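Written below as structure tokens is the structure these notes are about.
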Amino acid sequence: MSEVLLGVHSLSVRADGGQRILRDVSFDLAPGEVHGLVGESGAGKSTLVKVILGILPRSMVRTGGNVVYCGRDLFTLPAPAFRALLGSEIALIPQDPLTALNPGRRIDAQLTDGFRLKQRLSWRDAEARAVTLLEEVHIREPRRVMRSYPHELSGGMRQRVLIAAAFALDPKLIIADEPTTALDVTVQKQILRLIHGMQERHRTALVFVTHDLGVVAQICDTTSVMYMGKVMEQGPTERLLAAPRHPYTTALIAANPRHDRPESGLKPIPAAVIAAMRAEIAAGDANG
Amino acid sequence: MAVITLFGVAVVVFCLLRVVPGDPVAMMVGPAASAADIAALRAHYGLDGPLPLQFLTWLKAALVGDFGTSITRHQSVLSILGAYLPATIELAFSALLVAILLGGATAVVATLLRQHRTSAAIDALNGVFLALPDFIWALILVLAFGVAVPLLPLTGRIDPSIDVPFATNFLLMESIITGRFAVAGNIAAHMAMPTLALALPLAAVIARVLRQALNEAMVQDYVLLARIKGMSELRLILHEALRNAVGPTLALTGVQATFLIGGTVVVERIFAYPGIGNLAIEAVINRDFPLIQGLVLMFGLIFILINIAVDLTVVALNPRLRHV
């Protein structure tokens with residue numbers, strides 16, 4: 001891994017009240033690679049995504065570290081230059097397809113935004129590109145969908161539209177923030193396969209946020225396991241799953257329900273592991 | 001529904017007029033008139049007979065478009081309304097347009113500056129505008145632009161020295177359409193103060209409600225995603241948030257617009273603007289029953305039309321309300 005597309009270095013974020021949200025998070029992402037961010041809710045995955053995209057809520061402050069994209073520090077980049085990157089080079093697949101599309105605008109308008117604003121294509125050309133995109137995400141009757149409003153489409157369809165929108169300008173980096181969490185289990189698999197296929201075809205680097213180790217195993221080259229805003233373990237996904245080094249990773253793997261062995265049931269994370277981890281984090285906080 | 005509303009308005013006004021003290025016939029004839037003369041006049045204007053019968057007589061004529069004859073002007077009520085209504089329509093629409101533009105722009109600017117300290121100043125100023133009614137604004141404007149810095153004409157609709165023929169009573173619209181811009185400018189100058197007086201309170205209401213709705217829309221997921229598409233802040237407000245925020249504002253504007261029509265009565269009086277508001281005051285002073293009746297019905301009709309227009313616009317702007 002010589003070339004780095006996205007480098008997150010020692011990123012720390014605190015809430016207004018002083019609580020630590022992210023603790024010294026670092027990871028590197030090479031072009032075309034997939035990095036998984038795994039953790040329970042509250043692990044800081046979403047905050048990490050927000051810092052990278054420059055949409056940290058006012059109630060949180062970055063206290064250290066930086067994010068480097070293609071050799072450029074995103075935090076010192078002037079706003080217009082950052083805006084130019086967004087959409088054309090960096091895109092987001094959001095978590096909830098039901099709220100991420102504008103209820104008042106038709107799909108064609110929302111899907112052609114990038115072509116018209118960033119590439120200055122005419123409406124007609126942008127529309128043709130958008131139809132091709134919809135076909136690529138396996139939407140039948142793309143022309144009808146183009147003329148629809150979001151409320152006329154199912155959740156799975158809307159997520160396909162959002163995936164199409166994310167890949168529209170062929171960005172180098174896409175951040176997928178739990179893109180299957182809000183969907184039906186049956187649709188989840190299709191959407192995951194779709195994102196994976198698109199990512200490989202377009203050679204897009206992907207930061208994939210999830211709480212599902214099964215998903216990580218399927219598509220991530222490297223993975224960070226997070227807890228309370230701290231990276232507990234990081235490494236190539238195969239190695240991480242086959243020979244976990246941190247007890248929390250081991251416990252997470254054990255907690256993942258096995259469909260092939262339903263008799264094993266659901267295993268919670270052992271209290272001792274959590275206690276040890278909290279002690280580790282507290283020791284780190286005291287030093288930092 | 002609209003018919004029932006109008007009928008209700010007609011009944012209430014008819015009864016009220018005949019209950020409040022004041023007699024049109026007594027106003028017409030001098031103190032020397034004999035009782036017989038007065039009775040004859042009463043019979044002539046249909047003012048004798050029991051109240052329900054009077055109402056039925058009026059209703060029967062009104063249903064075929066005859067709203068009677070003005071007692072003081074001796075002209076048909078319909079022709080008087082036709083002569084005065086266009087002036088009020090032009091005034092009300094100008095005021096509505098100014099209010100929407102002014103209020104909308106204020107809301108957008110306040111939303112743009114929402115992380116700035118200046119936005120608090122905008123809110124405070126807006127509160128002042130919200131608190132002052134139209135007739136106070138009329139007086140402030142008279143003092144400012146009529147007395148202190150006499151920039152604008154104080155009264156009337158058009159300079160009496162301008163002698164050009166008009167085909168309709170929509171003087172402003174007609175002179176714009178026919179390209180007589182000097183005349184249009186003169187009319188606009190006459191309309192400026194009454195328009196502003198009517199528009200400012202409404203603009204403040206629009207600004208406040210729209211700003212609230214915009215602030216809520218700006219934190220929605222779809223605006224966040226659009227931000228990540230690299231859209232500018234202004235574009236986010238105008239293209240993403242405004243469309244979804246404008247619904248409640250529009251519904252409220254409809255309600256407020258009816259107050260604006262009501263406001264024309266006082267404001268037209270202050271600026272001696274020859275519209276139906278001014279006409280209404282004159283008609284009430286003279287106890288001109290048929291004219292009052294026709295005027296009130298006209299106001300009722302305008303209210304209903306405004307509400308229908310607002311409902312249609314709300315549906316047109318919200319795709320989820322269509323095809324139901």
Side-chain angles (χ1 to χ4, degrees), chain A residues 46 49-50 52-58 79-107 109-119 147-153 158 161-162 165-166 168-169 171 173-175 177 182, chain B residues 104 107-108 110-120 209-210 212-251 311-324:
Chain A
S46 293
V49 167
K50 287 186 180 131
I52 297 172
L53 293 172
I55 50 168
L56 203 62
R58 209 154 305 285
F82 186 57
R83 266 211 305 275
L85 277 184
L86 290 176
S88 52
E89 292 198 30
I90 304 174
L92 171 78
I93 302 176
Q95 182 174 139
D96 188 353
L98 299 186
T99 56
L101 287 166
N102 190 331
R105 301 179 69 206
R106 280 191 347 193
I107 301 297
Q110 303 194 49
L111 204 48
T112 52
D113 272 339
F115 296 132
R116 288 180 290 120
L117 295 178
K118 299 272 173 176
Q119 299 189 336
R147 285 191 305 273
S148 304
Y149 283 93
H151 72 275
E152 295 166 326
L153 305 178
R158 288 189 225 184
V161 169
L162 288 163
L169 301 185
L173 171 68
I174 288 184
I175 296 173
D177 185 9
Chain B
V108 169
T111 309
L112 262 178
L113 297 173
R114 66 193 181 285
Q115 282 135 29
H116 245 255
R117 256 169 299 160
T118 35
S119 90
V209 177
L210 186 59
Q212 186 77 32
L214 275 176
N215 272 354
E216 281 164 24
M218 286 304 281
V219 297
Q220 297 296 312
D221 280 359
Y222 57 83
V223 175
L224 206 66
L225 189 68
R227 193 187 294 280
I228 294 165
K229 281 182 184 173
M231 289 190 189
S232 70
E233 194 70 20
L234 187 64
R235 197 179 174 87
L236 287 177
I237 296 174
L238 295 180
H239 282 72
E240 298 290 328
L242 190 60
R243 187 183 303 255
N244 297 299
V246 83
T249 314
L250 207 66
D311 286 351
L312 289 178
T313 323
V314 168
V315 170
L317 282 173
N318 188 341
R320 279 167 297 186
L321 293 179
R322 281 178 230 159
H323 341 281
V324 268

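Note that the structure is a prediction, hence the values are computed from the model and not measured. Below, chain A is the first sequence line, B the second, and so on; all start at residue 1.
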**Fill in**
Sorted by chain and residue number, the salt bridge (Lys or Arg N to Asp or Glu O under 4.0 Å) partners of A:R105 (sequence neighbours excluded) come out as A:D113, B:E240
**Item:** Set of salt bridge (Lys or Arg N to Asp or Glu O under 4.0 Å) partners for B:R114, sequence neighbours left out
**Value:** B:E233
**Item:** Residue B:L225 versus chain A: region with a heavy atom under 4.5 Å
**Value:** side chain
**Message:** Is B:L224 close to chain A through its backbone or its side chain, or both, or neither, when contacts mean heavy atoms under 4.5 Å?
**Reply:** side chain
**Asked** Side chain of B:K229, backbone of A:A165: donor and acceptor closer than 3.5 Å?
**Response** no
**Asked** In terms of heavy-atom pairs under 4.5 Å with chain A, which of B:S232, B:A217, B:A226 leads?
**Response**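 The candidate making the most pairs under 4.5 Å is B:S232.
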**Complete:** Ranked by heavy-atom pairs below 4.5 Å to chain A, first place among B:L317, B:D221, B:V223 goes to B:D221
Chain B heavy atoms under 4.5 Å from [X]: which part of the residue, side chain, backbone, both or neither?
| X | value |
| --- | --- |
| A:R58 | side chain |
| A:Q95 | neither |
| A:L162 | side chain |

**Request:** Rounded to the nearest 0.5 Å, what's the gap from CZ on A:R83 to CZ on B:R227? Could you check?
**Result:** 9.5 Å
**Asked** Within a radius of less than 6.0 Å around CD of B:Q212, do more than 12 heavy atoms belonging to other residues, nucleotides or ligands occur?
**Response** no
**Message:** Taking side chain to side chain donor-acceptor pair (under 3.5 Å) as the definition, give me every residue that meets it alongside B:D311, ordered by chain and number, with sequence neighbours left out.
**Reply:**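 For B:D311, no residue satisfies side chain to side chain donor-acceptor pair (under 3.5 Å) once neighbours in sequence are set aside.
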**Asked** For chain A, which residues from residues 241-251 of chain B lie under 4.5 Å away (heavy-atom distances)?
**Response** B:R243, B:N244
**Asked** Do you know which of A:I175, A:L85, A:D96, A:L117 has the most heavy-atom pairs with chain B at a distance under 4.5 angstrom?
**Response** A:L117
